[in-house]
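Ligands are counted one by one from 1 in listed order, and the atoms in each one are counted from 1 as well. Counting from 1, the numbers follow the sequence of the chain as shown. These values consider heavy atoms only, across backbone and side chains, with no hydrogens, waters or symmetry-generated copies.
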Amino acid sequence: MRAQPKASHYIGGAYTESQSGTPFDSLYPATGEVIAKIHPADDAIIAAAISAAKEGQKVWAATPPAERGRVLRKAAEILREKNHELSVLETLDTGKPLQETLIADAASGADCLEYYGGLAATLTGEHIDLGGSFAYTKREPLGICFGIGAWNYPIQIACWKAAPALVCGNAMIFKPSEVTPLSALKLAEALTEAGLPAGVFNVIQGFGDVGAKMVAHPDIAKVSLTGSVPTGAKVAALAGEYLKKTTLELGGKSPLIIFDDADIENAISAAINANFYSTGQICSNGTRVFVHTAIKEQFLKRLAERTGDAVLGDPLDEATSIGPLVSKAQLGKVLSYMQIGQDEGARLVCGGGAAKVDSLPDGYFVQPTVFADVKDDMRIAQEEIFGPVLSVLDFDNENDVIARANDTEFGLAAGVFTKDIQRAHRVIDQLQAGTCWINTYNLTPIEMPFGGYKKSGMGRENGHAAIEYYSQIKSVYVEMGGVEAAF
Ligand code: NAD
C-alpha cells in the first residue's frame, strides 16, 4: 500500500495504533486501489487523545503568544518544503489533479499557519477607562477544541481549524473525513517538527460515530465541523445539548450572476472555476449561474468550447485538469443528478454522464456538464450536487435575479460579474451570502473571513474573525477607590 502511514492516529506527539476495531480502506479514486488501511479510534484512543490534549494545552496556554507564532510559522515552512510530497499524497487520497494540489492544498495550509503565526503576538485585550477605576479585557483560550474535516480539502481544512485554535492557546483533536484520512497526520508531524509541545495537536480517525462521541465528550470545549448540512444539524443539536461552542462550515448552492456588460471571457473563467475546479467538489461553488438573456447564447457557446478543452486523466500527470470524483458513492450521486437534470427538462449543453479514461478504467470519472434553460424549481437548481454540474438560468431584471438568487436555504457564497461599479455593490449588498466576489469567483485568501449565512453555517473561519471563535474574553474591573455598600 503506497500511502500507509506509520499508524492510524497521532497523539501526544507520536503515532499510535488502535488495538481494536476493523480497519477501513483509503482508496485512490483514479484506480480504486487501496492505498492505506486505517483503524477507527476506539475508546482507549479517544481517552488517550483527551488526556494528551489536556496536558499539552496547559503547557501551550502558558507559552508566550510570540513563541506560539514562531512554531506556526516554522510549521508553514515545513509544509512548503514538503509541498510536492504532500501534494502527491493529497492527490492519491482525493483524486484531485496534482496541477491543483501543488498550489491549493498544503500550500494554502502553509499560508494559513503563517498568517495566524504572524497574528499571534498581536492578540491583545483592551483597557477601558472608567474614570479613576478601570477595566481591562484579556483573550483566553477555550480549552480542547475538536475539529471535524470533510474530504475535499483535507489538509487545508485541518490547517484552517488548527491554526486559529492553536494561536489562541487551545489544544486541538482533529478527525479527518474517513474518506481522506492521511494528510492531517502529516500536518501533525510538521507541527511536532516545528516545536509544538506534545498533545497540542492530535489526529484521531473514524466515521461519524467517533465524531459524535467526541462532540459529546465533557472535556471538549468547542467543536468545528466542515461538512454537509445534515451532518451540521446533527452536530449542532448534540453540541447544543452540552452548550458547546460550535463553528459549522456547511454546504451551498451559490449563485453567480453575470450581467450583459460583463467581460464574457472572464465570466466564463469564473464559471469554470466555480463549477469544475476540484471536479466540482467545493462547498462555495457557484452552481446556479444566472446569465443575462442578451448574452446567454454567446456565453453558452464559449463555455461549451472551453469546457471541451478540459483534460480528464491521470491526476498524477500535471497536464490533467480534471480528476475523478472522490469515491464510488459520490460518483453514483453525481451521475444521478446528471440524469435528474435531463429528466427535468433542462437542456444538456455538454457532458451529462460518466467519462472513460482508457488508462484508468476503474476511476470515478465524470464529464464536466453544463445544463441550460434550468428553472429555479428544478432539483439540479435547488440541491447541492458536489460534482462538475453547472446550471445556467436566464434573467433580464436585476431585482428579479437578486430575489431568485436568495431563494434558497443556503447562503455560503455568491458572485457578480458586471463592469458597472454601482450595480456590483448594490447587488452584493442584497445577496444573502457570507462570502461574495465581484468579477471573480472562489478565491479564498486566508486574510478574508469565510463562512455561511442561513443553513450554510455558523461562525467564521479565516481572517481576524476566526479568533473570536477560538477564544473567550475575560473582563476585569479594577477598583482604584473605596467600596460603597448600602449598609
Ligand atoms: P459529511 O457531512 O458527510 O462529513 C463531514 C465530516 O463529519 C466527516 O469527517 C464525518 O465523519 C463527520 N461526521 C459525520 N456524521 C457525524 C456526526 N453525527 N457527528 C460528528 N461528525 C460526523 O461531509 P463530506 O461528504 O465529508 O463533505 C462534503 C460536504 O462538506 C458538502 O456538503 C460540502 O459543501 C461541505 N463542505 C463545506 C465547506 C465549507 O467550508 N463550508 C468546505 C468543504 C466541504
Side-chain angles (χ1 to χ4, degrees), residues 24 26 38 40-41 46 93-94 96 104-105 108 112 146-161 173-181 184 203-217 220 223-242 244 246-254 277-287 325-334 383-387 408-413 433-435 442 444 446 448-462 466 469:
F24 59 91
S26 180
I38 301 291
I46 290 176
D93 219 6
T94 62
K96 295 194 294 178
D105 291 84
S108 72
C112 173
F146 178 50
I148 311 175
W151 43 255
N152 58 342
Y153 278 80
I155 197 167
Q156 183 196 71
I157 290 171
C159 289
W160 280 18
K161 297 189 188 308
I173 301 173
F174 184 78
K175 189 197 84 60
S177 164
E178 60 276 19
V179 181
T180 53
V203 177
I204 63 167
Q205 308 284 356
F207 294 78
D209 60 327
V210 172
K213 263 189 201 168
M214 292 295 291
V215 172
H217 197 290
I220 295 295
V223 178
S224 176
L225 164 79
T226 297
S228 62
V229 170
T231 303
K234 282 188 214 156
V235 166
L238 188 57
E241 217 177 289
Y242 299 91
K244 295 193 180 184
T246 311
T247 297
L248 302 174
E249 291 292 350
L250 308 176
K253 191 77 197 175
S254 300
Y277 202 73
S278 299
T279 319
Q281 302 165 116
I282 299 184
C283 53
S284 51
N285 270 357
T287 45
L325 292 163
V326 76
S327 64
K328 207 171 186 168
Q330 195 62 17
L331 173 71
K333 180 179 169 196
V334 172
E383 298 170 18
E384 187 184 47
I385 301 173
F386 227 56
T408 162
E409 60 181 1
F410 300 111
L412 189 56
T435 308
N442 255 355
T444 54
I446 192 67
M448 187 169 111
F450 183 82
Y453 282 17
K454 300 195 276 189
K455 283 194 180 166
S456 289
M458 277 163 56
R460 288 293 175 269
E461 294 196 311
N462 301 351
Y469 298 95

* Proximal protein residues to ligand 1, non-hydrogen atoms under 4.0 angstrom -> Ile148, Gly149, Ala150, Trp151, Asn152, Lys175, Pro176, Ser177, Glu178, Phe207, Gly208, Gly211, Ala212, Leu225, Thr226, Gly227, Ser228, Thr231, Lys234, Val235, Glu249, Leu250, Gly251, Cys283, Glu384, Phe386, Leu412, Phe450
Using a 3.5 Å cut-off and no angle test, enumerate the donor-acceptor pairs between side-chain atoms of residues 203-211 and protein atoms at least two apart in sequence or in another chain.
| residue | atom | partner | partner atom | Å |
| --- | --- | --- | --- | --- |
| Gln205 | NE2 | Ser8 | O | 3.0 |
| Gln205 | NE2 | Pro181 | O | 3.0 |

* Could you go step by step and tell me if Thr247 and Lys161 meet the side-chain hydrogen bond (donor to acceptor under 3.5 Å, both in side chains) rule? -> CA-CA 10 Å; Thr247 297; Lys161 297 189 188 308; over 6 Å; no
* Could you walk me through whether Lys253 and Ile385 pass side-chain contact (heavy atoms from CB on, under 4.5 Å), step by step? => CA-CA 9 Å; Lys253 191 77 197 175; Ile385 301 173; 4.0 Å; yes
Output a table of donor-acceptor pairs, distance under 3.5 Å, between side-chain atoms of residues 148-160 and any protein atom two or more places apart or on a different chain; print 'none' if there are none.
| residue | atom | partner | partner atom | Å |
| --- | --- | --- | --- | --- |
| Asn152 | ND2 | Gln281 | O | 3.0 |
| Tyr153 | OH | Ser278 | OG | 2.6 |
| Gln156 | NE2 | Ser108 | OG | 2.9 |

* Of all residues at least two apart in sequence or in a different chain, which pass the ring pair (Phe, Tyr, Trp, His ring centres under 6.0 Å) check with Tyr277? -> none
* Could you go through the side-chain contact (heavy atoms from CB on, under 4.5 Å) check for Leu225 and Thr246 one step at a time? => CA-CA 8 Å; Leu225 164 79; Thr246 311; over 6 Å; no
